[in-house]
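Taking it in order: structure first as structure tokens, then the write-up.
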Amino acid sequence: QYDKAEPLYIQAIDTWKKAYGTAHPDYAMALNNLAAVYEERLQIEKSEQLYTQAKDIRKAVFGENHHDYATSLNNLGGLFARMGQFAKAETYLLQANAIWKKILKDDNPTIALGLNNLAANYRRGQMKLAEAEQLYLQSLERRKKVLGENHPLTAETENDLALLYSNLKQYKKAEPLLLGSSQKTMQG
């Protein structure tokens with residue numbers, strides 16, 4: 001479906017550019033969406049360029065303490081993690097988390113997302129496994145509280161934490177999480 005999405009996003013980018021110029025939030029949103037398509041198609045250079053352009057526009061329009069700017073940082077962090085550039089990803093993910101914690105209410109699910117993404121970066125990069133565990137536990141607690149025990153995102157965090165425990169050969173901790181997340185996934 002990405003082949004169908006790409007020309008539509010390119011058209012949207014062109015439309016926003018003609019209507020409002022290149023310093024408009026909707027133009028940045030369209031760039032971000034196309035970047036996500038390129039990321040999924042593993043066209044990493046194109047994706048990075050568009051994510052960066054969207055980030056810069058959002059920073060100029062909204063400032064550094066805005067949800068959309070933090071989302072752009074998070075997207076770049078995710079892209080760098082996918083590329084195996086875990087230290088670079090950490091920088092962006094930490095910035096995004098700091099902004100979200102500053103501007104969002106404590107019960108906002110985006111905070112749990114940010115914690116989960118940073119933990120995943122630490123786990124995949126084998127960088128800071130103890131920190132990854134703590135971040136997953138925080139994310140899991142928030143998701144259970146805000147979204148509920150049976151939400152797919154709660155199951156996602158349980159699964160991610162179980163993967164960490166499996167990597168650490170702590171199978172007794174991993175098993176109940178995997179069983180719980182698989183049952184939730186089948187229900188959802």
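The first residue in the sequence is number 1, and the count goes up from there.
- Remark: Lys173 pairs with Glu133 by the salt bridge (charged side-chain N to carboxylate O under 4.0 Å, His left out) rule, at least two apart or across chains.
- Enclosure of atom CD in Glu141 is not indicated, since only 12 or fewer non-hydrogen atoms of other residues, nucleotides or ligands lie within 6.0 angstrom.
- Among residues two or more places apart in sequence or in another chain, the side-chain hydrogen bond (donor to acceptor under 3.5 Å, both in side chains) test is passed with Tyr136 by Arg123.
- The hydrophobic side chain of Tyr171 is isolated, with no ILVMFWY side chain under 4.5 Å apart from it.
- Residues Arg143 and Glu156 are in side-chain contact: their nearest non-hydrogen atoms beyond the backbone lie under 4.5 Å apart.
- Residues that satisfy the salt bridge (charged side-chain N to carboxylate O under 4.0 Å, His left out) test with Arg58, not counting sequence neighbours, are absent from this structure.
- Looking at Leu73 and Ile99, their side chains come closer than 4.5 Å, going by heavy atoms from C-beta outward.
- Contacts classified as salt bridge (Lys or Arg N to Asp or Glu O under 4.0 Å) and involving residues 29-47 (residues at least two apart or in different chains) are given here: Asp3-Arg41, Glu6-Arg41, Glu39-Arg82, Glu40-Arg82.
- The shortest side-chain heavy-atom distance between Asn150 and Thr154 does not fall under the 4.5 Å cut-off.
- Every residue two or more places apart in sequence or in another chain was checked for a side-chain hydrogen bond (donor to acceptor under 3.5 Å, both in side chains) with Asn97, and none qualifies.
- For residues 101-118, every residue pair satisfying the salt bridge (Lys or Arg N to Asp or Glu O under 4.0 Å) rule, not counting sequence neighbours, is listed here: Asp106-Arg142.
- Remark: Asp68 pairs with no residue by the side-chain hydrogen bond (donor to acceptor under 3.5 Å, both in side chains) rule, at least two apart or across chains.
- Its side chain within the 4.5 Å cluster rule, Leu153 clusters with Val146, Leu147 among the Ile, Leu, Val, Met, Phe, Trp and Tyr residues.
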Run the side-chain donor-acceptor check on residues 18-31: report pairs under 3.5 Å with partners two or more places apart or on a different chain.
unit_1: Lys18; atom_1: NZ; unit_2: Asp14; atom_2: OD2; d: 3.0
unit_1: His24; atom_1: ND1; unit_2: Asp26; atom_2: N; d: 3.0

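- For the pair Tyr38 and Ile44, the minimum side-chain heavy-atom distance is 4.5 Å or more.
- The shortest side-chain heavy-atom distance between Glu64 and Gln95 does not fall under the 4.5 Å cut-off.
- Using modelled atom types, no side-chain atom of Ser139 and backbone atom of Leu135 make a donor-acceptor pair closer than 3.5 Å.
- For the ring-ring contact (aromatic ring centres under 6.0 Å, His included) test, residues two or more places apart in sequence or in another chain that qualify with Phe80 are Tyr92.
- Residue pairs meeting the salt bridge (Lys or Arg N to Asp or Glu O under 4.0 Å) criterion with at least one member in residues 162-171: none, sequence neighbours excluded.
- Counting heavy atoms of neighbouring residues, nucleotides and ligands inside a 6.0 Å radius, atom CD of Glu131 exceeds 12 of them.
- Between Asn108 and Trp100 there is no side-chain heavy-atom pair separated by less than 4.5 Å.
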